[in-house]
Amino acid sequence: MGKDVIIACDFSSASETFAFLDLFTEKKPFVKIGMELFYAEGPQIVRDIKARGHKIFLDLKLHDIPNTVKKAMHVLTQLGADIVNLHAAGTGAMMRAALEGLTRTDGSRPLLIAVTQLTSTDEAAMHDELLIDRPLDEVVLHYAKNAAAVGLDGIVCSPLEAGLIHDKCGAGFLTVTPGVRFADSEAGDQKRVTTPAKARELGSDYIVVGRPITKAADPVAAYLRCVKEFVE
Ligand code: C5P
(Lines give C-alpha, C1' and ligand atoms only; values in the text may rest on other atoms or scores of the structure.)
Protein backbone atom coordinates (compact mmCIF):
# COMPACT_ATOMS: atom_id res chain seq x y z
CA MET A 1 0.00 0.00 0.00
CA GLY A 2 1.31 3.47 -0.83
CA LYS A 3 1.03 6.74 1.04
CA ASP A 4 -2.52 7.53 2.11
CA VAL A 5 -4.68 9.72 4.31
CA ILE A 6 -6.62 7.84 7.01
CA ILE A 7 -9.66 9.62 8.46
CA ALA A 8 -10.12 9.00 12.21
CA CYS A 9 -13.85 8.25 12.46
CA ASP A 10 -14.13 9.18 16.13
CA PHE A 11 -17.91 8.93 16.22
CA SER A 12 -20.02 7.20 18.86
CA SER A 13 -22.58 5.50 16.64
CA ALA A 14 -22.96 3.76 13.31
CA SER A 15 -25.61 6.25 12.17
CA GLU A 16 -23.32 9.23 12.74
CA THR A 17 -20.48 7.40 10.99
CA PHE A 18 -22.56 6.41 7.98
CA ALA A 19 -23.96 9.95 7.67
CA PHE A 20 -20.35 11.17 7.53
CA LEU A 21 -19.19 8.49 5.09
CA ASP A 22 -22.21 9.12 2.83
CA LEU A 23 -20.64 12.51 2.03
CA PHE A 24 -17.89 10.72 0.10
CA THR A 25 -19.56 9.82 -3.15
CA GLU A 26 -16.40 9.40 -5.24
CA LYS A 27 -13.10 8.23 -3.71
CA LYS A 28 -13.78 6.09 -0.60
CA PRO A 29 -11.32 7.18 2.08
CA PHE A 30 -9.22 4.88 4.26
CA VAL A 31 -10.82 5.14 7.71
CA LYS A 32 -9.74 4.49 11.29
CA ILE A 33 -12.20 2.83 13.66
CA GLY A 34 -11.28 3.29 17.32
CA MET A 35 -12.43 1.80 20.58
CA GLU A 36 -15.44 4.09 21.05
CA LEU A 37 -17.16 3.17 17.81
CA PHE A 38 -16.10 -0.48 17.97
CA TYR A 39 -17.35 -0.95 21.53
CA ALA A 40 -20.56 0.96 20.77
CA GLU A 41 -21.46 -0.97 17.63
CA GLY A 42 -19.52 -4.23 17.80
CA PRO A 43 -17.62 -6.03 15.04
CA GLN A 44 -20.43 -5.53 12.51
CA ILE A 45 -19.36 -1.90 12.10
CA VAL A 46 -16.08 -3.12 10.58
CA ARG A 47 -17.87 -5.42 8.12
CA ASP A 48 -20.36 -2.67 7.20
CA ILE A 49 -17.71 -0.02 6.53
CA LYS A 50 -15.64 -2.54 4.59
CA ALA A 51 -18.70 -3.44 2.51
CA ARG A 52 -19.04 0.26 1.60
CA GLY A 53 -15.63 0.04 -0.07
CA HIS A 54 -13.35 1.60 2.54
CA LYS A 55 -9.99 0.34 3.76
CA ILE A 56 -9.94 0.13 7.55
CA PHE A 57 -7.37 0.73 10.28
CA LEU A 58 -8.84 -0.96 13.37
CA ASP A 59 -7.26 0.93 16.26
CA LEU A 60 -7.96 -1.32 19.27
CA LYS A 61 -4.42 -1.37 20.76
CA LEU A 62 -4.39 -4.93 22.06
CA HIS A 63 -2.26 -5.74 25.12
CA ASP A 64 -2.68 -9.04 26.99
CA ILE A 65 -0.95 -12.39 27.39
CA PRO A 66 0.27 -13.85 24.06
CA ASN A 67 -2.36 -16.60 23.84
CA THR A 68 -5.24 -14.18 24.41
CA VAL A 69 -3.90 -11.70 21.88
CA LYS A 70 -3.34 -14.45 19.33
CA LYS A 71 -6.96 -15.60 19.65
CA ALA A 72 -8.33 -12.06 19.59
CA MET A 73 -6.28 -11.25 16.47
CA HIS A 74 -7.63 -14.41 14.84
CA VAL A 75 -11.13 -12.98 15.29
CA LEU A 76 -10.17 -9.50 14.06
CA THR A 77 -8.45 -10.80 10.94
CA GLN A 78 -11.76 -12.31 9.76
CA LEU A 79 -13.45 -8.89 9.87
CA GLY A 80 -11.49 -7.58 6.90
CA ALA A 81 -9.45 -4.82 8.57
CA ASP A 82 -6.43 -3.68 6.56
CA ILE A 83 -4.34 -2.47 9.53
CA VAL A 84 -4.62 -3.51 13.21
CA ASN A 85 -2.47 -2.56 16.19
CA LEU A 86 -1.21 -3.49 19.65
CA HIS A 87 1.03 -2.17 22.41
CA ALA A 88 4.71 -2.98 21.90
CA ALA A 89 4.91 -3.06 25.73
CA GLY A 90 3.30 -6.51 25.50
CA THR A 91 6.80 -7.77 24.49
CA GLY A 92 8.10 -9.75 21.53
CA ALA A 93 6.30 -12.92 22.60
CA MET A 94 2.95 -11.13 22.45
CA MET A 95 3.76 -9.46 19.12
CA ARG A 96 4.80 -12.78 17.56
CA ALA A 97 1.63 -14.43 18.83
CA ALA A 98 -0.38 -11.57 17.33
CA LEU A 99 1.21 -12.14 13.92
CA GLU A 100 0.38 -15.83 14.12
CA GLY A 101 -3.23 -15.12 15.06
CA LEU A 102 -3.60 -12.62 12.22
CA THR A 103 -2.28 -14.89 9.49
CA ARG A 104 -5.15 -16.40 7.52
CA THR A 105 -5.07 -19.90 6.06
CA ASP A 106 -4.07 -18.48 2.64
CA GLY A 107 -1.06 -16.74 4.26
CA SER A 108 -2.50 -13.21 3.94
CA ARG A 109 -2.95 -10.94 6.95
CA PRO A 110 -3.69 -7.30 7.80
CA LEU A 111 -0.72 -5.03 8.46
CA LEU A 112 0.21 -5.04 12.14
CA ILE A 113 1.60 -1.89 13.73
CA ALA A 114 2.62 -1.07 17.29
CA VAL A 115 1.98 1.73 19.73
CA THR A 116 5.24 2.50 21.59
CA GLN A 117 4.55 4.89 24.46
CA LEU A 118 1.23 6.72 24.35
CA THR A 119 1.70 10.41 23.66
CA SER A 120 -0.37 11.05 26.81
CA THR A 121 2.44 9.47 28.87
CA ASP A 122 5.15 12.04 29.52
CA GLU A 123 8.66 11.32 30.71
CA ALA A 124 7.84 12.14 34.34
CA ALA A 125 4.93 9.65 34.44
CA MET A 126 7.06 7.03 32.68
CA HIS A 127 9.81 7.47 35.27
CA ASP A 128 7.67 7.88 38.39
CA GLU A 129 4.75 5.54 37.69
CA LEU A 130 6.10 2.98 35.24
CA LEU A 131 9.62 3.00 36.75
CA ILE A 132 11.17 3.19 33.28
CA ASP A 133 14.11 5.49 33.93
CA ARG A 134 15.48 5.93 30.39
CA PRO A 135 14.71 9.02 28.28
CA LEU A 136 11.33 8.83 26.55
CA ASP A 137 12.84 9.11 23.03
CA GLU A 138 15.12 6.16 23.72
CA VAL A 139 12.20 4.07 25.00
CA VAL A 140 10.08 4.86 21.93
CA LEU A 141 12.92 3.96 19.57
CA HIS A 142 13.73 0.78 21.48
CA TYR A 143 10.08 -0.38 21.36
CA ALA A 144 10.00 0.40 17.64
CA LYS A 145 13.10 -1.72 17.09
CA ASN A 146 11.54 -4.56 19.12
CA ALA A 147 8.47 -4.39 16.88
CA ALA A 148 10.58 -4.41 13.71
CA ALA A 149 12.72 -7.29 15.00
CA VAL A 150 9.74 -9.62 15.38
CA GLY A 151 8.34 -8.74 11.96
CA LEU A 152 5.69 -6.11 12.63
CA ASP A 153 4.99 -3.74 9.75
CA GLY A 154 5.37 -0.38 11.48
CA ILE A 155 4.45 1.89 14.36
CA VAL A 156 2.22 4.80 15.25
CA CYS A 157 4.38 7.87 15.83
CA SER A 158 4.62 11.60 15.25
CA PRO A 159 5.56 12.73 11.72
CA LEU A 160 8.49 14.42 13.49
CA GLU A 161 9.87 10.95 14.34
CA ALA A 162 9.24 9.33 10.93
CA GLY A 163 12.75 9.94 9.56
CA LEU A 164 14.50 8.52 12.62
CA ILE A 165 12.24 5.45 12.66
CA HIS A 166 12.94 4.77 8.97
CA ASP A 167 16.68 5.18 9.59
CA LYS A 168 16.74 2.80 12.53
CA CYS A 169 14.04 0.28 11.61
CA GLY A 170 14.22 0.26 7.81
CA ALA A 171 12.75 2.37 5.02
CA GLY A 172 9.89 -0.10 4.56
CA PHE A 173 8.88 -0.01 8.24
CA LEU A 174 5.66 2.00 8.20
CA THR A 175 5.14 5.22 10.11
CA VAL A 176 1.46 5.91 10.73
CA THR A 177 1.25 9.43 12.04
CA PRO A 178 -1.49 11.40 13.82
CA GLY A 179 -1.01 15.00 14.99
CA VAL A 180 -1.74 16.57 11.61
CA ARG A 181 -3.27 20.01 11.18
CA PHE A 182 -3.68 22.43 8.27
CA ALA A 183 -1.45 25.49 8.54
CA ASP A 184 -4.53 27.70 8.96
CA SER A 185 -6.53 25.56 11.45
CA GLU A 186 -6.78 25.03 15.23
CA ALA A 187 -4.40 22.54 16.88
CA GLY A 188 -7.03 21.63 19.55
CA ASP A 189 -5.51 19.29 22.16
CA GLN A 190 -2.68 18.14 19.86
CA LYS A 191 0.65 19.55 21.03
CA ARG A 192 3.22 18.79 18.35
CA VAL A 193 1.48 19.19 15.01
CA THR A 194 2.59 19.17 11.39
CA THR A 195 0.76 19.97 8.16
CA PRO A 196 0.02 17.17 5.66
CA ALA A 197 2.68 18.62 3.33
CA LYS A 198 5.27 18.65 6.12
CA ALA A 199 4.36 15.07 7.11
CA ARG A 200 5.02 14.03 3.52
CA GLU A 201 8.36 15.83 3.52
CA LEU A 202 9.30 14.11 6.81
CA GLY A 203 8.56 10.69 5.31
CA SER A 204 5.28 9.61 6.99
CA ASP A 205 3.66 6.68 5.21
CA TYR A 206 0.10 7.29 6.42
CA ILE A 207 -1.32 10.36 8.14
CA VAL A 208 -4.25 9.89 10.53
CA VAL A 209 -6.47 12.96 10.46
CA GLY A 210 -9.59 13.36 12.58
CA ARG A 211 -11.13 16.70 13.48
CA PRO A 212 -9.60 18.78 10.67
CA ILE A 213 -11.78 16.63 8.37
CA THR A 214 -14.68 15.43 10.55
CA LYS A 215 -15.41 18.90 12.00
CA ALA A 216 -14.77 20.84 8.78
CA ALA A 217 -17.61 22.81 7.21
CA ASP A 218 -16.93 20.77 4.07
CA PRO A 219 -15.35 17.43 5.09
CA VAL A 220 -14.90 16.19 1.52
CA ALA A 221 -13.00 19.35 0.55
CA ALA A 222 -10.86 19.05 3.71
CA TYR A 223 -10.10 15.41 2.90
CA LEU A 224 -9.19 16.22 -0.70
CA ARG A 225 -6.95 19.03 0.55
CA CYS A 226 -5.12 16.50 2.77
CA VAL A 227 -4.75 14.08 -0.15
CA LYS A 228 -3.47 16.84 -2.40
CA GLU A 229 -0.87 17.98 0.16
CA PHE A 230 0.19 14.52 1.34
CA VAL A 231 -0.21 12.11 -1.58
CA GLU A 232 -0.36 13.84 -4.94
O1 C5P B 1 -8.84 14.74 15.63
P2 C5P B 1 -7.39 14.38 15.49
O3 C5P B 1 -6.82 14.70 14.11
O4 C5P B 1 -6.53 14.94 16.61
O5 C5P B 1 -7.39 12.79 15.60
C6 C5P B 1 -6.22 12.03 15.67
C7 C5P B 1 -6.55 10.59 15.88
O8 C5P B 1 -5.33 9.87 16.11
C9 C5P B 1 -7.44 10.32 17.08
O10 C5P B 1 -8.25 9.17 16.78
C11 C5P B 1 -6.45 10.01 18.18
O12 C5P B 1 -6.98 9.17 19.16
C13 C5P B 1 -5.35 9.29 17.39
N14 C5P B 1 -4.03 9.31 18.02
C15 C5P B 1 -3.36 10.49 18.33
N16 C5P B 1 -2.13 10.46 18.91
C17 C5P B 1 -1.55 9.29 19.18
C18 C5P B 1 -2.18 8.08 18.88
C19 C5P B 1 -3.44 8.14 18.30
O20 C5P B 1 -3.88 11.56 18.07
N21 C5P B 1 -0.34 9.28 19.68
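Every number for a ligand or one of its atoms is a count from 1 in the order of the listing.
Regarding atom 13 (C) of ligand 1, its nearest protein heavy-atom neighbour is Lys32 NZ, 4.0 Å. Remark: minimum distance from atom 21 (N) of ligand 1 to any protein heavy atom is reached at Thr119 OG1, 2.9 Å. Nearest protein heavy-atom neighbour of atom 20 (O) of ligand 1: Gln190 NE2, 2.8 Å. For atom 18 (C) of ligand 1, the nearest non-hydrogen atom of the protein is Pro178 CG, 3.8 Å.
Backbone and side-chain nitrogen or oxygen atoms of Gly210 are examined, and one is located within less than 3.5 angstrom of a nitrogen or oxygen of ligand 1. Considering backbone and side-chain N/O atoms, Asp10 comes within less than 3.5 Å of an N/O atom of ligand 1.
No side-chain heavy atom of Asp4 sits under 4.5 Å from any side-chain heavy atom of Phe230.
Taking 4.0 Å as the cut-off, Pro212 counts as a neighbour of ligand 1 on heavy-atom distance.
Classification of Glu161 and Arg192 as a salt-bridged pair holds, one side-chain N sitting under 4.0 Å from a carboxylate O.
Relative orientation of the Phe11 and Phe20 rings is tilted, given thresholds of 30° and 60° on the angle between their planes. Between His63 and His87, the ring planes are tilted. Angles from 30° to 60° get that label.
Near Arg181, the atoms of ligand 1 lying under 4.0 angstrom from a non-hydrogen atom of the residue are 1 (O), 2 (P), 3 (O), 4 (O). Counting atoms of ligand 1 from 1 in the listed order, those under 4.0 Å from a heavy atom of Ala8 are 7 (C), 10 (O). Using a 4.0 Å cut-off to heavy atoms of Arg211, the atoms of ligand 1 that qualify are 1 (O), 2 (P), 3 (O), 4 (O).
With no hydrogens or angles considered, a side-chain donor-acceptor pair links Arg104 and Ser108 at under 3.5 Å. No side-chain N or O of Thr175 forms a donor-acceptor pair with one of Thr177 less than 3.5 Å apart.
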So Arg96 and Glu100, salt bridge (charged side-chain N to carboxylate O under 4.0 Å, His left out) or not? Walk me through it.
-> CA-CA 6 Å; Arg96 275 192 295 273; Glu100 275 178 42; over 6 Å; no

